[in-house]
Each structure stands twice: as structure tokens, then as C-alpha cells.
**Q** 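First the structure, which I've put down as C-alpha cells, then a few questions once you've had a look.
Lettering follows sequence order; numbering is per chain, from 1.
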Amino acid sequence: MPHWLFKSEPSAWSWDEQVAAGEAGTPWTGVRNHLAKKHLQAMRVGERGFFYHSNDGKAVVGIVAVIREYYPDHTDPSGRFGMVDLKAVEPLPRPVTLDAVKAEPDLADMVLIRNSRLSVQPVTEAEWRAVRRLGGL
DNA sequence: GCCAACGTTGGC
DNA sequence: GCCAACGTTGGC
């Protein structure tokens with residue numbers, strides 16, 4: 001099963017807010033990049049991803065699940081981009097910082113390192129297991 | 001279709 | 001606050 005990584009600045013949308021949204025989840029609005037869009041379109045209900053705090057925090061802090069597949073993003077006036085709905089699944093007992101990811105040789109090829117500006121990223125099975133382990137799961 | 005100018009992201 | 005990386009826009 002594919003895995004993903006979603007980036008958000010906590011000042012805009014934080015893990016705590018995602019948790020507070022509960023089982024109903026929330027739409028992941030605001031993606032305006034074609035590669036990120038492609039990843040959103042590939043997502044299926046039940047797939048999981050990491051929730052990453054960019055800028056303020058710079059750490060993987062939790063795990064989310066896709067609960068609704070790709071549909072139009074009403075916040076996009078051009079109508080070209082869409083979104084999925086996500087819900088919080090569980091926090092990482094220990095957030096995995098960007099520094100910790102960089103310090104792990106097995107994670108050197110993570111998209112988070114290689115293409116740091118991409119806001120929705122694929123995560124390989126090996127990367128998924130390694131980050132979970134670093135996070136105490 | 002090319003590419004310079006510009007805007008945004010995100011680490012530092 | 002700076003700036004490198006990268007994506008988008010628009011003139012030609």
C-alpha cells in the first residue's frame with residue numbers, strides 16, 4: 001500500500017487542529033502544484049501518510065489516513081486543483097525532526113530531503129517503517 | 001516553444 | 001530576514 005507525507009505550516013493548520021477535527025476529518029485544501037496534485041489523485045481511502053510541520057517545528061508529528069478520494073478544491077478559483085479528506089490516526093510518541101531524518105543514511109533519498117518544497121509527497125515502504133521506528137511506533 | 005522575470009516555499 | 005530552489009507567467 002502506498003504511503004504519503006503531507007506538509008503544513010502549524011500556524012496555518014497544525015496537527016492539534018487535525019486531531020481536533022476527529023473522525024470526520026477535514027479537506028486538505030490549498031495544493032497548487034501539479035506534482036502534488038498527481039499524488040493526491042493517486043490516493044485511495046484507507047492509505048496513510050505522515051503529517052509534517054514545516055517551518056515552525058520541522059518534524060513529522062503524526063499519522064493521518066485518507067478518508068475521501070480526490071475531488072475539486074473549492075478554494076481554487078481556477079478549478080484546476082483538487083483535494084482529499086484526511087483524518088488524524090495517531091501521534092508519533094516522539095516527533096521525528098528534519099535533523100533526525102537527515103542524520104539517518106537510509107532516509108537520504110526521501111523526497112522531504114530531495115525536493116523539500118513539494119507539499120504532498122510519496123513515501124516508500126522502507127522510509128515509512130524507518131520514520132515510524134524513529135518516532136517510537 | 002523558449003526563457004526572463006517574478007512569486008512562493010521553506011530551511012537556515 | 002535572507003536566499004536558494006523551483007514553479008508559473010507572459011512576452012516574443
**Q** Who are the side chain to side chain contact (heavy atoms under 4.5 Å, CB included) partners of A:S14, not counting sequence neighbours?
**A**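 Per chain and number, A:S14 pairs via side chain to side chain contact (heavy atoms under 4.5 Å, CB included) with A:P10, A:D16, A:E17, A:H53.
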**Q** State plainly whether one hydrophobic cluster holds both A:L134 and A:V123, where clusters connect Ile, Leu, Val, Met, Phe, Trp and Tyr through side-chain heavy atoms under 4.5 angstrom apart.
**A**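 A:L134 and A:V123: one cluster.
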**Q** Polar atom pairs between nucleotides 8-10 of chain B and protein, under 3.5 Å, N or O only, would you list them?
**A**
| unit_1 | atom_1 | unit_2 | atom_2 | d |
| --- | --- | --- | --- | --- |
| B:dT8 | O2 | A:R117 | NH2 | 2.9 |
| B:dT9 | O2 | A:R117 | NE | 3.4 |
| B:dG10 | OP1 | A:K7 | NZ | 3.0 |
| B:dG10 | OP1 | A:R117 | O | 3.4 |

**Q** Kindly compute the distance separating CD (A:E104) from CZ (A:R133), expressed to the nearest 0.5 Å.
**A**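 Interatomic distance, A:E104 CD to A:R133 CZ, rounded to 0.5 Å: 6.0 Å.
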**Q** Applying side chain to side chain contact (heavy atoms under 4.5 Å, CB included), name anything that partners A:R32, two or more places apart in sequence or on another chain.
**A**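 In terms of side chain to side chain contact (heavy atoms under 4.5 Å, CB included), with neighbours along the sequence ignored, A:R32 is linked to A:D73, A:T75, A:D76, A:F81.
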**Q** Is there a donor-acceptor pair closer than 3.5 Å between any side-chain N or O of A:Y52 and the backbone N or O of A:L5?
**A**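 It does not hold such a pair.
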**Q** When the distance from CG of A:N115 to P of C:dG7 is rounded to whole Å, what number comes out?
**A**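 Atom-to-atom, A:N115 to C:dG7, this comes out as 6 Å.
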**Q** What's the CG-C1' distance between A:L112 and B:dG11, to the nearest Å?
**A**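 Distance check: A:L112 CG to B:dG11 C1' gives 11 Å.
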**Q** When you measure from the side chain of A:E125 to the backbone N and O of A:H3, does any donor-acceptor pair fall under 3.5 Å?
**A**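 Between the backbone of A:H3 and the side chain of A:E125 there is no qualifying donor-acceptor contact (under 3.5 Å).
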**Q** For A:T97, enumerate each residue passing the side chain to side chain contact (heavy atoms under 4.5 Å, CB included) test, keeping only those at least two apart in sequence or located in another chain.
**A**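 Residues passing side chain to side chain contact (heavy atoms under 4.5 Å, CB included) with A:T97: A:A59, A:D99, A:A100.
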**Q** Using ring-ring contact (aromatic ring centres under 6.0 Å, His included) as the criterion, list what pairs up with A:F50, not counting sequence neighbours.
**A**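 A:F50: ring-ring contact (aromatic ring centres under 6.0 Å, His included) contacts with A:W128.
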**Q** Output the residues of residues 33-40 of chain A in contact with DNA chain C, where contact means a heavy atom of the residue under 4.0 Å from an atom of the strand; sort by number or write none.
**A**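 Listed by number, they are A:N33, A:H34.
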